[in-house]
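Comments concern the structure below.
For ligands, and for the atoms within them, numbers begin at 1 and follow the listed sequence. Computed from a predicted structure; not experimentally measured. Basis for what follows: all heavy atoms, side chains included, without hydrogens, waters or symmetry-related copies.
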Amino acid sequence: MTNEAWGKLREELIKRVGRNNYTTWIEPIRLAELRGPLARFEVPTSFFGDWVSRNFSDHILRQLNASGSEVARLEFFVPTAAPAQAPRVSQAAKIPAKTARPKLAQRRVASEEELPGAALDARFTFDSFVVGKPNELAHAAARRVAEGGPVTFNPLFLYGGVGLGKTHLMHAIAHELQARQPDLRVLYLSAEQFMYRFVQALRDKQIMDFKEIFRSVDVLMVDDVQFIAGKDSTQEEFFHTFNALVDQNKQIVISADRAPGEIKDLEDRIKSRLQCGLVVDLHPTDYELRLGILQQKVEIYRQQYPGLQIAPGVLDFLSHRITTNVRVLEGALTRLFAFASLVGREITLELAQDCLADILRASDRKLTIEEIQRKVAEHYNIRLSDMIGPKRLRNIARPRQVAMYLAKQLTPRSLPEIGRRFGGRDHTTIMHGVRKIEELIATDSQLSDDLNLLKRLLQG
Ligand code: ADP
Ligand code: MG
């Protein structure tokens with residue numbers, strides 16, 4: 001595709017991002033190269049590239065692909081080749097070609113492009129990962145794996161809600177391993193990419209190559225493995241790859257949005273295999289962690305924008321108000337700095353409230369009892385109507401009590417109000433349900449796991 005074609009195509013983006021965003025962010029970027037799944041764009045500053053990448057990548061990708069390209073990845077770079085301005089947004093994962101593996105080298109793996117690894121984000125390092133109570137275990141485990149010593153637990157299974165740092169930790173492991181042992185064949189990819197490669201290999205009748213590549217790595221990292229649940233032959237292949245590597249004592253790192261046992265439609269043998277190693281979860285962030293992350297980001301921005309001032313109290317305000325996840329938190333800060341630098345003003349509380357109104361409003365979103373009922377019904381596989389209806393069977397009554405308990409805990413609603421939404425039940429019934437669950441939590445670990453998961457899903 002030429003820049004001219006891109007010029008036409010990008011105008012379509014006006015509809016998606018609005019005229020203002022278009023003029024400010026899209027018009028200035030230039031398509032430099034489109035090669036296979038990679039599209040590279042020139043941007044005026046790395047901050048600019050960062051911003052476009054975070055806010056408009058999805059739109060640009062969709063637009064490119066709507067016009068028939070098969071782009072999977074965007075890269076933004078500053079054209080002058082000063083070292084500090086090298087491509088910052090992402091960096092292709094490398095599997096060093098090893099002379100010790102002539103067979104592979106002679107095969108179809110002719111260029112890096114064909115290797116199945118995904119891009120590593122250069123920013124996702126251990127240095128830039130802020131450790132706090134909610135993630136300290138996960139961080140320690142990741143560090144251990146990154147040392148590259150003898151495999152002590154296999155796999156390392158990291159799980160937690162969206163935006164809590166799973167991908168960041170995995171990339172950090174890959175960077176660190178690669179720095180310590182450049183010859184190590186470290187392969188990082190998402191479960192979705194794993195499936196995509198697998199299907200492609202099947203289609204192109206190159207399944208033996210596929211198997212060989214995946215079985216020849218030293219460290220395999222698969223992100224968001226919940227994605228392959230319910231995809232039977234991909235699961236099967238994943239299972240075999242997994243076993244082959246474990247047998248060779250190769251380290252495997254897996255992430256998912258929930259614990260292995262909680263992933264629906266994942267084969268039992270895979271679940272139990274995944275549970276064999278070390279399973280650690282990343283808990284939702286707390287105030288201190290959020291503040292720490294913001295402070296660290298501000299340091300980075302300060303270097304880029306020495307002139308920019310940020311008023312006291314702004315970070316505190318953001319850490320209190322934006323509790324959803326780190327990605328949103330970071331996005332908010334990026335937007336604040338971009339805005340302040342464009343208008344040349346100090347970042348005050350007022351500016352923050354104005355500029356982030358939509359994010360703040362979304363974070364304020366109140367959880368409804370209806371949402372709780374729906375999630376709980378889904379989790380226990382019962383009908384939503386039974387949740388509200390009169391049935392007293394244990395397998396319906398218990399989930400109903402769980403929903404009552406969560407409604408009491410997670411919403412500001414009173415017992416009579418909750419009662420009304422549970423088919424007009426009396427407030428004493430609700431109280432009884434809440435107490436029952438409180439009692440059971442102490443002794444029933446399955447129930448307390450269920451509650452943790454549900455809370456995470458509802459607040460995530
Ligand atoms: P997940 O894969 O769990 O959905 P990511 O790893 O993609 O989440 O994290 C989302 C964003 O938040 C990334 O930009 C990441 O750098 C940042 N982030 C998450 N946790 C931390 C942390 N503890 N310290 C610094 N940045 C973090
Ligand atoms: Mg992720």
Side-chain angles (χ1 to χ4, degrees), residues 46-47 49-55 57-58 73 76 88-91 93 117-143 145-146 156-176 188-194 221-228 253-259 263 279-301 315 318-319 322-337 359 363 453 456-457 459-460:
S46 58
F47 181 79
D50 230 49
W51 177 262
V52 176
S53 161
R54 272 167 195 278
N55 293 281
S57 278
D58 289 352
R73 189 151 59 86
F76 299 91
R88 296 175 46 89
V89 176
S90 53
Q91 172 196 314
L120 287 184
D121 193 315
R123 295 165 308 182
F124 291 178
T125 61
F126 281 118
D127 275 349
S128 65
F129 191 81
V130 180
V131 185
K133 259 223 145 46
N135 61 23
E136 63 181 342
L137 259 178
H139 171 259
R143 280 273 191 195
V145 169
L156 167 60
F157 190 99
L158 299 170
Y159 76 93
V162 55
L164 296 181
K166 301 180 295 292
T167 299
H168 188 135
L169 278 178
M170 292 176 98
H171 287 208
I173 295 174
H175 286 308
E176 181 84 14
Y188 164 87
L189 78 177
S190 68
E192 190 176 359
Q193 286 162 327
F194 180 87
M221 305 207 250
V222 182
D223 208 350
D224 290 318
V225 80
Q226 75 277 354
F227 180 85
I228 62 165
V253 183
I254 305 284
S255 86
D257 65 352
R258 58 195 73 184
I263 305 178
V279 179
V280 267
D281 67 341
L282 289 126
H283 297 275
T285 58
D286 56 15
Y287 166 77
E288 288 81 5
L289 180 60
R290 289 193 293 272
L291 187 62
I293 291 172
L294 286 176
Q295 283 168 341
Q296 189 218 40
K297 301 278 166 201
V298 166
E299 280 317 306
I300 298 170
Y301 285 137
L315 296 189
L318 295 179
S319 332
I322 304 179
T323 55
T324 39
N325 73 51
V326 183
R327 196 170 294 138
V328 176
L329 196 66
E330 282 185 345
L333 198 66
T334 312
R335 189 195 299 179
L336 260 186
F337 272 85
I359 296 179
S363 297
L453 170 71
R456 217 173 43 236
L457 291 174
Q459 296 182 314

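- With Glu176 contributing its side chain and Ala146 its backbone, the two residues share no donor-acceptor pair below 3.5 Å.
- Proximity to Phe124 (heavy-atom distance under 4.0 Å) selects the following atoms of ligand 1: 13 (C), 14 (O), 15 (C), 16 (O).
- Using a 4.5 Å heavy-atom cutoff, the side chains of Leu282 and Leu169 are in contact.
- The side-chain heavy atoms of Ile322 and Arg290, taken from C-beta on, include no pair separated by under 4.5 Å.
- Counting heavy atoms closer than 4.0 Å to ligand 1, residue Arg123 contributes nothing at all.
- Nearest non-hydrogen protein atom to atom 7 (O) of ligand 1 is Arg327 NH2, 2.8 Å.
- In the candidate list Gly132, Gly161, Gly165, Ser128, Gly165 is nearest to atom 8 (O) of ligand 1, counting heavy atoms.
- Counting heavy atoms under 4.0 Å from ligand 1, residue Leu169 does not touch it at all.
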Atom pairs and distances, donor-acceptor, side-chain atoms in residues 128-140, under 3.5 Å, two or more places apart:
| residue | atom | partner | partner atom | Å |
| --- | --- | --- | --- | --- |
| Ser128 | OG | Arg123 | O | 2.6 |
| Ser128 | OG | Thr125 | N | 3.3 |
| Ser128 | OG | Thr125 | O | 3.2 |
| Ser128 | OG | Thr125 | OG1 | 3.3 |
| Ser128 | OG | His168 | NE2 | 3.2 |
| Asn135 | OD1 | Gly132 | N | 2.8 |
| Asn135 | ND2 | Val130 | O | 3.1 |
| His139 | NE2 | Arg143 | NE | 3.4 |

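- Those atoms of ligand 1 with a heavy atom of Asn135 less than 4.0 angstrom away are 23 (N).
- Considering backbone and side-chain N/O of Glu330, one or more are found under 3.5 Å from N/O of ligand 1.
- Counting heavy atoms from C-beta outward, Ile254 and Leu158 have side chains that stay 4.5 Å or more apart.
- Residues Ile173 and Phe126 are in side-chain contact: their nearest non-hydrogen atoms beyond the backbone lie under 4.5 Å apart.
- In this structure, the protein non-hydrogen atom closest to atom 6 (O) of ligand 1 is His168 N, 2.7 Å.
- Taking the side chain as every heavy atom from C-beta outward, Phe76 and Asp50 never approach each other to under 4.5 Å.
- Counting heavy atoms from C-beta on, the side chains of Arg456 and Asp281 come closer than 4.5 Å.
- Interface atoms of ligand 1 facing Lys166, defined by a heavy-atom separation under 4.0 Å, are 1 (P), 2 (O), 3 (O), 4 (O), 6 (O), 8 (O).
- Protein heavy atom in closest approach to atom 12 (O) of ligand 1: Val326 CG1, 3.1 Å.
- Of the protein's non-hydrogen atoms, the one nearest atom 2 (O) of ligand 1 is Thr167 OG1, 2.7 Å.
- Between Phe157 and Tyr159, the ring-plane angle classifies as tilted under the 30° and 60° cut-offs.
- The Val162 neighbourhood of ligand 1 comprises atoms 4 (O), with distances under 4.0 Å to a heavy atom of that residue.
- At least one donor-acceptor pair under 3.5 Å links the side chain of Lys166 to the backbone N or O of Gly160.
- In this structure, the protein non-hydrogen atom closest to atom 4 (O) of ligand 1 is Gly163 N, 2.7 Å.
- Remark: the Ser190 side chain and the Asp224 side chain contain no N/O donor-acceptor pair separated by less than 3.5 Å.
- Listed by chain and number, the protein N, O or S atoms at a distance under 2.8 Å from the Mg ion (ligand 2) are Thr167 OG1.
- The closest side-chain heavy-atom distance from Tyr188 to Thr167 is below 4.5 Å.
- Considering only non-hydrogen atoms, atom 24 (N) of ligand 1 lies nearest to Val130 out of Val130, Asn325, Leu164.
- Within the 4.5 Å cutoff, the side chain of Leu156 has heavy atoms near those of the Val280 side chain.
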